[in-house]
Amino acid sequence: MRATVMYGAGDVRVENVPDPTIVEPTDAIVRVTLACVCGSDLHPYRSMPASEDGAPMGHEFLGVVEQVGDAVTDLAPGDLVVSPFAVSDNTCPFCREGFHTACQHGGWYGAGGIGGAQAEKIRVPQASGTLVTLPADVDAKLLPSLLTLADVYLTGYHAAFMAKVKPGQTVTVVGDGAVGLSAVLAAKQMGATTIVLMGRHTSRTDLGKKWGATDVVAERGEEGIAKVMELTGGEGSHAVLEAVGHMPAYEQAYRIVRPGGVISRVGVPQYEEAPVGFGSLFGKNATLNGGPAPVRAYIEDAIAQVLSGELDPGAVFDAEVSLDDVAEGYRLMDSREKLKVLVRP
């Protein structure tokens with residue numbers, strides 16, 4: 001079969017690799033019908049050291065079940081499924097508490113011997129806990145929106161959920177990538193009155209405004225901080241949803257959060273050390289929250305919202321490539337020519 005492998009920064013290849021097989025009785029094999037490139041895929045695309053072995057890529061997909069292990073009794077060949085970006089059994093103590101990305105028996109696509117989703121097929125460990133079935137007759141127009149529930153929309157939702165966004169609050173979203181825009185949509189759904197989007201790409205911030213952003217701040221650094229503080233009457237934001245992962249974004253976040261407010265991070269941090277002292281968090285009684293989104297905890301409710309027409313997050317996709325052209329998809333997102341690229345194997 002064909003699969004995407006990254007061999008170093010900027011070096012994305014589509015290669016023939018062995019078909020996946022059932023390894024454990026809890027596995028399933030899924031034929032991928034729709035996948036995409038994630039903003040987090042761009043971190044290794046920009047910085048991965050050269051490797052002879054390469055790394056399988058992709059963690060967001062819809063597909064059709066082709067084969068199941070003996071222990072998988074609730075899925076059958078032919079089922080249309082969507083997969084959260086992390087594998088989980090959905091039964092361990094952490095899963096039961098809603099933190100599936102910390103599953104005691106979980107894992108990550110593209111790591112630990114699990115293949116990537118930018119491929120024709122994929123092995124899904126813990127298939128019963130991970131995969132969620134979709135109606136066989138679902139309107140094809142809804143599939144991009146359903147694909148966003150594998151990661152991007154529900155990661156934005158997780159940012160707002162962990163920030164405990166409430167009706168009437170002021171929310172600032174740092175970052176105008178697909179996750180940041182999804183966070184705008186989620187904050188609007190939760191009833192935020194003022195939503196400030198910090199971003200400077202007009203094509204993206206226009207979508208943010210369509211989804212609920214009341215104000216756009218294109219400035220960065222001190223200018224951007226001053227503008228947000230001005231927009232919030234000098235008080236700052238009840239919630240700051242940080243969807244970038246770089247230190248300047250975190251610094252902006254703690255400068256604009258109001259006393260007693262929450263910073264919720266879902267941008268994968270590209271740092272380990274960060275200010276948490278009196279001048280950043282402590283003095284404001286501010287809370288630092290967020291992490292890898294346990295989308296399995298949210299996905300069934302979100303599927304119902306998409307199927308009913310209440311939610312339509314598929315507009316984040318503004319380009320489509322075939323699997324063989326996936327390297328172009330990476331280039332388009334890395335250059336910010338496109339927001340998020342759909343991959344059709």
Side-chain angles (χ1 to χ4, degrees), residues 20-30 32 35 38 40 55-63 65-77 79-117 121-134 146-164 179 182 186 245 262 264-269 272 287-305:
T21 59
I22 298 291
V23 176
E24 301 288 343
T26 49
D27 289 350
I29 305 300
V30 175
V32 178
C38 181
S40 65
M57 298 300 297
H59 52 262
E60 303 160 275
F61 67 96
L62 303 178
V65 176
E66 287 202 337
Q67 186 181 357
V68 297
D70 292 341
V72 180
T73 58
D74 52 352
L75 295 167
D79 284 348
L80 178 65
V81 292
V82 58
S83 177
F85 68 85
V87 169
S88 64
D89 61 17
N90 202 29
T91 60
C92 84
F94 302 133
C95 287
R96 292 198 302 269
E97 292 169 6
F99 292 99
H100 295 69
T101 44
C103 177
Q104 292 174 326
H105 307 107
W108 309 91
Y109 292 116
I114 307 174
K121 297 181 183 182
I122 189 168
R123 178 176 73 91
V124 181
Q126 301 294 343
S128 292
T130 301
L131 297 174
V132 182
T133 55
L134 298 169
L146 291 166
L147 178 60
T148 70
L149 308 185
D151 184 350
V152 61
Y153 171 70
L154 286 179
T155 291
Y157 174 88
H158 181 60
F161 179 84
M162 294 298 281
K164 300 179 174 61
V179 170
S182 296
V262 182
S264 184
R265 299 179 305 162
V266 291
V268 180
E272 284 295 334
T287 298
L288 181 62
N289 217 328
V295 302
R296 184 63 182 83
Y298 313 131
I299 195 168
E300 283 157 327
D301 287 344
I303 288 170
Q305 288 181 295

*Minimum side-chain heavy-atom gap H158-V295 below 4.5 Å*: no

*Within 6.0 angstrom of Y298 OH, more than 12 heavy atoms from elsewhere*: yes

*When you measure from the side chain of R123 to the backbone N and O of I29, does any donor-acceptor pair fall under 3.5 Å?*
no

*Among L149, D79, L146, V81, which one satisfies side-chain contact (heavy atoms from CB on, under 4.5 Å) with L134?*
L146

*How far does CG of D89 sit from CZ of R296, to the nearest 0.5 angstrom?*
10.5 Å

*Please report the shortest heavy-atom distance between N90 and H100, naming the atom on each side.*
OD1-NE2, 2.7 Å

_Within the 3.5 Å criterion, strictly below it, is a donor on D74 or S128 matched to an acceptor on the partner's side chain?_
yes

*Got D27 and Q67 here, is their nearest side-chain heavy-atom distance under 4.5 Å?*
no

*Do V30 and S83 have side chains that get closer than 4.5 Å, going by heavy atoms?*
no

*Hey, what's the ring geometry for Y153 with Y157, parallel, tilted or perpendicular (30° and 60° as the breaks)?*
tilted

_Do Q104 and P93 make a side-chain contact, defined as non-hydrogen atoms from C-beta onward lying under 4.5 Å apart?_
yes

*Side-chain donor/acceptor of S88 to backbone N/O of T130, under 3.5 Å*: no

*asked:* Once rounded to the nearest 0.5 Å, what's the spacing between atom CG of L288 and atom CE of M162?
replied: 10.0 Å

*Measure the NE2-CD distance between H105 and Q126 for me, rounded to the nearest 0.5 Å.*
7.0 Å

_Taking V262's backbone N and O only, do any of them form a donor-acceptor pair with T287's side chain (distance below 3.5 Å, no angle check)?_
no

*Return the minimal non-hydrogen interatomic distance between G98 and A297, and the atom names on each side.*
O-CB, 3.9 Å

*Of all the heavy-atom pairs spanning I299 and L154, show the shortest one and how long it is.*
CA-CD1, 3.7 Å

*asked:* Which heavy atom of P294 sits nearest to which heavy atom of F99, and what is that distance?
replied: CB-CA, 3.9 Å

*Any chance you could lay out the side chain to side chain contact (heavy atoms under 4.5 Å, CB included) test for N289 and K164, step after step, and finish with the verdict?*
CA-CA 10 Å; N289 217 328; K164 300 179 174 61; 4.2 Å; yes

*Closest heavy-atom pair and its distance - Y109, P84*: CE1-O, 3.4 Å

_Closest non-hydrogen atom pair, H59 against S40_ = CE1-OG, 3.4 Å

*Chi angles and distances behind the side chain to side chain contact (heavy atoms under 4.5 Å, CB included) call for E60, V152*: CA-CA 9 Å; E60 303 160 275; V152 61; 4.1 Å; yes

*Under a 4.5 Å cut-off applied to non-hydrogen side-chain atoms, are T155 and S182 in contact?*
no

